Visitor: 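Structure below; questions to follow.
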Number of protein chains: 2
Amino acid sequence: METYEDGFSGRKTAEIVGISYRQLDYWARTNLVRPSLADAQGSGTRRRYSYRDLLELKVIKQLLDAGLKLESVRDVFAYLRESLGEDVTTANLVINGRNSVVVASGDELIDVLNAGQGVFNVLALGGVKQDLDASIVEFRPAGPELDSVESASAI
Amino acid sequence: METYEDGFSGRKTAEIVGISYRQLDYWARTNLVRPSLADAQGSGTRRRYSYRDLLELKVIKQLLDAGLKLESVRDVFAYLRESLGEDVTTANLVINGRNSVVVASGDELIDVLNAGQGVFNVLALGGVKQDLDASIVEFRPAGPELDSVESASAI
DNA sequence: CATAATGGTCACGTCGCGGTAGTTTCATCG
DNA sequence: CGATGAAACTACCGCGACGTGACCATTATG
């Protein structure tokens, strides 16, 4: 019985998140998202990505799909990593132009939008988690393990 | 007395908008924003940008500053050009991931944000116009012509 | 031990510019 | 009215970021 306690392989991760394997590899080598369970130690070794890694990767993919530059995403994640993890279901990610990153929730969002100048990028993290969980189920290899996603998503 | 009825030169435009001349040139060549008063006809000829051109350029700059890819900006402007022009002061520009572009106003914005999935890029157009007008005054060459901005901003 | 997976490396292509030299035009001056 | 210099645009080269594909090296695993 295969749960995801030991994480996800590179290929699998790319498939679930919806990016190319080369992208995942490139991001790992350029230090954007490293597999937190097991990093590569040379040719032939295997990377193992945690559920939280997948969550980050999915956020990144959403931001890229929204048209953000990878460079900006790198900046964002310098700040985001601390804030992410709590309230992933309810929080909104608000990116204000240069380097500022705010995580608001609910109506707070509207105040922020009304107050500030420039462009805001708004991402509902709840949707990201839903997408991710759905993809994990969808790309499950064989027999339906009913608790696999739940156990994996225990951050 | 120099009004801006005959538009702005390339250098001046770049200065006012706050971008490099190379960027402006590149954007003109690659068909993102062409000077609508007079396009270049060969080496030595002059481009003349209208006030509306500056407005578009300023919007582009804001989007780039927010971390958007130039490629996405191109997609946006394919749709935006029709909608831009009315209600520049009150409208909000909402960019939803791939190719969808919506111009909402006021509280409509909140509904849109609550409804949809993914990332939204929100830009208040009023702020852009204010910035632009201020920059035009700031970079005025010599004597203060009080009505120059007003006459120019008559779209 | 055999072999399928996986990471490493290199070459290649595109995008978005920056730098610089060349060319044309415009304004001005003699 | 022709020369002259500044201003503006074009052409061309190059660079870094972001991948992609192919192929090789190595390892996990049955």
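Computed from a predicted structure; not experimentally measured. Computed over heavy atoms, backbone and side chain alike; hydrogens, waters and symmetry mates excluded. Below, read A as the first sequence line, B as the second, and so on, with proteins coming before strands; counting in each chain starts at 1.
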Visitor: Could you tell me the separation between the CG atom of B:Asn31 and the C1' atom of C:dG16, rounded to a whole number of Å?
Guide: 16 Å
Visitor: Judged by each residue's nearest nucleotide on DNA chain D, which is more toward the 5′ side, A:Gln23 or A:Gly42?
Guide: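 Closest to the 5' end, via its nearest nucleotide, is A:Gln23.
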Visitor: Provide, to the nearest angstrom, the distance between the CZ atom belonging to B:Arg11 and the C1' atom belonging to C:dC26.
Guide: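 To the nearest whole Å, that distance equals 15 Å.
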Visitor: In terms of side-chain geometry, is the basic nitrogen of A:Asp25 or A:Arg47 positioned less than 4.0 Å from the acidic oxygen of its partner?
Guide: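 The answer is yes: the pair qualifies as a salt bridge.
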Visitor: Mind checking B:Arg47 for me? I need base, sugar-phosphate or nothing, with any heavy atom below 4.0 Å counting as a touch.
Guide: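 It contacts sugar-phosphate atoms only.
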Visitor: For D:dC9, does OP1 or OP2 lie under 4.0 Å from any side-chain N or O of B:Tyr21?
Guide: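 Yes, within the criterion.
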Visitor: Just how far, in rounded Å, is P of D:dA11 from CG of B:Asp25?
Guide: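 Rounded to the whole Å, the gap is 10 Å.
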Visitor: Can you tell me if A:Tyr26 touches the phosphate of D:dG19, counting only side-chain N or O atoms and a distance under 4.0 Å to OP1 or OP2?
Guide: no
Visitor: Under 4.0 Å, counting only non-hydrogen atoms across every strand here, what does A:Gly10 touch: a base, just sugar-phosphate, or nothing?
Guide: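 If one applies the 4.0 Å heavy-atom cut-off, A:Gly10 turns out to touch nothing in the nucleic acid.
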Visitor: Less than 4.5 Å apart, side chain to side chain, heavy atoms only: is that true for A:Val76 and A:Asn121?
Guide: no
Visitor: DNA chain D: B:Arg29 or A:Leu70, which has the more 5' nearest nucleotide?
Guide: B:Arg29
Visitor: Can a side chain N or O of A:Arg46 be found less than 4.0 Å away from OP1 or OP2 on C:dG8?
Guide: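 Checking C:dG8 against A:Arg46, no side-chain N or O comes under 4.0 Å of OP1 or OP2.
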Visitor: Indicate, yes or no, whether a donor-acceptor pair under 3.5 Å links the base of C:dT9 to the side chain of A:Arg22.
Guide: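 Yes.
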Visitor: Pick base, sugar-phosphate or nothing for B:Ser9, based on heavy-atom distances below 4.0 Å to the nucleic acid.
Guide: sugar-phosphate
Visitor: Could you tell me which residues satisfy side-chain hydrogen bond (donor to acceptor under 3.5 Å, both in side chains) with B:Lys61, sequence neighbours excluded, listed by chain and number?
Guide: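 By the side-chain hydrogen bond (donor to acceptor under 3.5 Å, both in side chains) rule, B:Lys61 matches B:Asp65.
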Visitor: Looking at C:dC17, I'd like to know if its phosphate oxygens (OP1 or OP2) sit under 4.0 Å from a side-chain N or O belonging to B:Trp27.
Guide: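 Yes, B:Trp27 has a side-chain N/O under 4.0 Å of OP1/OP2 on C:dC17.
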Visitor: If you look at every strand shown and take non-hydrogen atoms under 4.0 Å, does B:Ser20 touch a base, only sugar-phosphate, or nothing?
Guide: sugar-phosphate
Visitor: Which atom names give the shortest non-hydrogen contact between A:Leu54 and A:Val17, and what distance separates them?
Guide: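 In this case the closest contact between A:Leu54 and A:Val17 is O-CG2, 4.2 Å.
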Visitor: Report yes if a side-chain nitrogen or oxygen of A:Arg74 is closer than 4.0 Å to either non-bridging phosphate oxygen (OP1 or OP2) of D:dC18; otherwise report no.
Guide: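 Answer yes for this pair, as a side-chain N or O of A:Arg74 is under 4.0 Å from OP1 or OP2.
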Visitor: Using whole Å, report how far CD1 of B:Ile60 lies from C1' of C:dC17.
Guide: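 Checked: the CD1 to C1' distance equals 15 Å.
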Visitor: How close do B:Arg34 and B:Ala28 get, heavy atom to heavy atom, and via which atoms?
Guide: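 In terms of heavy atoms, the two residues are closest at NE-O, 2.9 Å.
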